[in-house]
Amino acid sequence: GVPPFFEPGLEERLREVVRSRRLRSTTNVHEAVMSSDVTFVTVGTPSRRDGSIDLQFIERSAEEVGRALAAKDGYHLVVVKSTVIPGTTGNIVKPIVERFSGKRCGPDFGLCMSPEFLREGSAVEDTLKPDRVVIGEFDRRSGDTLKKLFNEFYGGDIPILRTNLATAEMTKYANNSFLATKISFINSIANICDKVPGTDVEVVAKAIGMDHRINPRFLRAGLGWGGSCFPKDVKALLSFSRSLSYEAPILWAALEVNDAQPLQAVGLARRKLGSLKGRRVAVLGLAFKPDTDDIRESRATVLIDALLQEGARVIAYDPKALDASRNFLGKGIEYAESAESCLKGAECCIVATEWREFEKLQPEDFVSLMKKPVVIDGRRVFNPGDFGGKVDFAAIGLGEAPALEKD
Ligand code: UDX
């Protein structure tokens, strides 16, 4: 009844389905396969050191499901939901399940690959109302079986796209890489705006987002993308592409921009303070994005490492990710229990995650609490018009004097 990650409303929902006995958990794969018609494989596919995908959990699951299927009569559908490089379901999962079950894919059991597009922090909402569902199918019967399940669940309201296994696998990488590239693109524009007085990337993003061909989503400039998916998936697609002798320069560039993006905030702090050695810097936000306590690949952690290297004294606060950070970041930094106590006595504040509660902070709070009210908005949560005259303000993608937005 306790979810491993924070998400608004998730714990209550989980308790409800456990209490109503609509969700049971077991560590016994045999029992799970015997008492169901469809098995979704949702295990992790982490990166290896070189960025390529580590398939050990997929392989082990396929083996366990195969062993269980050996004892089962009747048709059973296996669906890979984990993010896997094109070819994995057909060339790795299928032969392993066949070997350990002694059965043939097609007549005896079905096989599909259906990529997962949910976001952390809004997983429930995204699951209930996806933009579309993609079904990659080994054969027609497999696809029909999965489509029936989704139709029952969604009542036929969600578009379903059917294709082969490898194309479905590719859609997930293309989807995440496109979104990551879109963010790296706007961050590149932000970094140019930074050098052009009067320009503001927020206004640029708003204007170009009104073009239907571009759309406004995933066009927020900031410290870059983190989390358990974008960095891992872009690296995995790049590595896969290289293995096919194609360099995929656009993916490489998206990663390069992202790796350097947290340093933009360090640059802005240096512009305001000169050397950061011995300076007390307050970092607001540690989670890789708001509404989660997940700090995997968080840009805040990269930012903090860079600040420590500059000799700054870092104090950090996050509404939900303090425990995770204490375990991960260790002793080099101090932690505060509130945004206000984090700001107290600091000479510079950098916003690293756009939590709602930070939007409520007023310029006067920074002035009264900080030793020097230098505010670097790394996630564009504050209105430059309100902050500009009252604190020493800088923000990602904001050339010195803010641009006027006209209706
Ligand atoms: C992502 C994909 O969105 C989802 O479809 C996939 O299934 C898993 O990976 P998630 O990692 O949970 O989801 O978070 P997302 O909301 O996509 O944000 C990823 C990162 O991009 C965060 O660090 C966020 O701060 C950053 N981001 C997002 C921006 O910097 N700007 C934006 O405009 C949007």
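This is a predicted model, so every value here is computed, not measured. Counting convention: from 1, in listed order, for ligands and their atoms alike. FYI, the numbering just counts along the sequence from 1.
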Worksheet item: For the residue pair Phe57 and Gly44, what are the closest heavy atoms and their distance?
Response: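 Of all heavy-atom pairs spanning Phe57 and Gly44, the closest is CD1-O, 3.5 Å.
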Taking a cutoff of less than 4.0 Å between a non-hydrogen atom of the residue and any ligand atom, is [X] in contact with ligand 1?
| X | result |
| --- | --- |
| Lys182 | no |
| Cys229 | yes |
| Gly226 | yes |
| Lys172 | yes |

What atoms in ligand 1 come closer than 4.0 Å to a heavy atom of [X]?
| X | result |
| --- | --- |
| Leu219 | 33 (O) |
| Phe117 | 4 (C), 5 (O), 6 (C), 7 (O) |
| Glu116 | 7 (O) |

Practice prompt. For the pair Gln261 and Asn191, evaluate side chain to side chain donor-acceptor pair (under 3.5 Å) and give the outcome as yes or no after the intermediate values.
Written response: CA-CA 9 Å; Gln261 198 59 17; Asn191 299 346; 2.9 Å; yes
Item to complete: Indicate yes or no: at least one non-hydrogen side-chain atom of Lys206 is less than 4.5 angstrom from one of Glu202.
Response: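 Side-chain contact under 4.5 Å: no.
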Worksheet item: Could Arg141 and Asp144 be called an ion pair, given the rule that one side-chain N must be under 4.0 Å from one carboxylate O?
Response: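 Salt bridge between Arg141 and Asp144, a charged N being under 4.0 Å from a carboxylate O: no.
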Worksheet item: Is the Lys NZ or Arg CZ of Lys182 less than 6.0 Å from the centre of Phe218's six-membered ring, within 45° of the axis?
Response: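 So Lys182 doesn't make the cation-pi contact.
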